[in-house]
Amino acid sequence: MAERRSLFSGRRGFELQFNWLFVLIAGAIFLMFFFSIIRNQSDSSTEERASETQSDVDFLFRASLGSRSSDKLVPLGGSVEFMCEDGVSQYIVDGSRVSSQYNYLAVFSPSLLDGKELFVKTDFFRAPFHVMPFLFVTNKDTQYVFIGESPFLKSIYSSMPENATKRFLPPAEGVSQFKDGSFDKVIFVTDEKGYEDSFAGVKLSKFSNDRLKEVSLVVIAPLGGIANYYGAATFYRHSDSAFQRVDESFFFTPELALGAAYSGDLAIYSCQLDKALKRMGLIASIHEERIGKILEESRFSSACIDRYSSMNSYLEIMKELSDRKNLALDDYGELFEAIQGIKRVNTELIDKTPCPAIY
Amino acid sequence: MQSTETIFVVIIIIVIVLLGFVFYSRVQESSIKEKQREQRVLRMITLAHALSNWPELECSTLESRDFDCIDRLKLGVLSDFINVSRQDDTYAFKYYNDLLRRSRIVITEVYSHTDKESWVVYDNSVESASKETVFIPVNVFDPTDHTFTFAMMELSLYE
């Protein structure tokens, strides 16, 4: 019987084995290579989508600098988180690697917005001249619950967009029995009377402990009447047992009161308030220098000159307070009075003199 | 012999894949440049829109604003104000630098009953950078004698 030679013995057999081994290894390397490309492409397409959403939001913010009052619906492909720490304001879209800063724009919103679209309202902050646009941002998954019957609360409620998720809670319904509607965030807005009657020591029994951390409360307390738009805004968070006070801040115009309700968050509100004050000081300086240029024209009467002088004193108050840190309620009262004074003197300049108005 | 053939085949496949990558990256590069140009134009449009409604420059009477109207007195004040704030490195300069970045804003009267004036409101231009410029017609209002003149706002963005 002839010896059968094994297919894989000898030099030829060795080459055949080596070939197969080589093909297997090379094939495996190619497959791994192409799988890694597919994975990278998938990751980068997610990042690209997040980056496009981020630049859309950035464009929206910058375009608002030229907007007058407006209400917009903006599509959103993910969630947006707003942060403000150590005076740096930034936001980041889910999936994006870098955050964007907005240190010179005022955006009032809850800290996290998740969903398919954003409601963006723009309104100018006036003191009483135009200072800067305020952006109020929210979405359908953030619920605003107003408790109270004061005209002040009603004015804040009606300032919110129609399609925002907002409602008044009748006093008879009771906060403790308020049902969890599975919204991402619930922000209660009330005044001092509403807080005393409805919230002191109350726990939301219909919410699970996990859901309670998404509930916050803002108590907006103007000092007197709907026309008196200055006072304190106190922020609360719900702990396991009841609403706990975080801290208070202040407001001195209707737009700021609306901003406190929109954000429901002390850190975000305080940051925007700080920006508004600095910008107000800047615009006040420009108006003051403009008055100086007007006064260089010696042809104006003493009636005008006296009014320009009192205007300058109000603008000085604004500049001084905008530079100061940790303002108290009385300081905001002074700002409010300065705004009313500028309004009054400007109207007198227009109605009673031929001299240029301030704004 | 067969293994040598196999090695050659693998090398050729690798070369083809590499050529494919080079082609893909060239296409991506031109697409990125196009997107950068679009972003630049978008930024210019939003800035031009913002400037026309700027509280620092706008004309207004009791909160009602005149469209595309600039207060002559504010023009005179603003350019000096920005220059002084640049020297002192104040909050004001940081604000304008963040908003306007590398740009140049010049407003020149083109039709006036007196001598035509020109104001350089902001100048942070860069000699060697590429530039996009847009011209926006504006009204310049003098509140001391209630007269209007016609001017052009030249907005240049540098990259």
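In what follows, every heavy atom counts, from backbone to side chain, and hydrogens, waters and symmetry copies are set aside. Chain letters run A, B, ... following the sequence lines, proteins first and then strands; every chain starts at 1.
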Could you tell me which portion of [X] (side chain, backbone, both or neither) has an atom closer than 4.5 angstrom to a non-hydrogen atom of chain B?
{"X": "L105(A)", "answer": "neither"}
{"X": "P354(A)", "answer": "backbone"}
{"X": "Y102(A)", "answer": "neither"}
{"X": "E52(A)", "answer": "side chain"}
{"X": "I283(A)", "answer": "side chain"}

Practice problem: Using a cut-off of under 4.5 Å on heavy-atom pairs, state which of L47(B), I13(B), L99(B), D71(B) scores highest against chain A. | Solution: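 Highest number of heavy-atom pairs under 4.5 Å: D71(B).
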Please tell me whether [X] and [Y] have a donor and an acceptor in their side chains that are separated by less than 3.5 angstrom.
{"X": "T149(B)", "Y": "E109(B)", "result": "yes"}
{"X": "D58(A)", "Y": "S100(A)", "result": "no"}
{"X": "T144(B)", "Y": "D142(B)", "result": "yes"}
{"X": "Q101(A)", "Y": "S89(A)", "result": "no"}
{"X": "N97(B)", "Y": "Y122(B)", "result": "yes"}

Tell me, for [X] versus chain A, whether the close heavy atoms (under 4.5 Å) come from the side chain, the backbone, both or neither.
{"X": "Y95(B)", "answer": "both"}
{"X": "K94(B)", "answer": "both"}
{"X": "V17(B)", "answer": "side chain"}

Quiz prompt | Shortest non-hydrogen separation from M44(B) to T133(B) and the atoms involved | solution =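 For M44(B) and T133(B), the tightest heavy-atom pair comes out as CE-N, 3.9 Å.
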Quiz item: So do F134(A) and L258(A) actually touch side chain to side chain, heavy atoms under 4.5 Å?
Solution: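 The answer is no; the side chains never approach within 4.5 Å.
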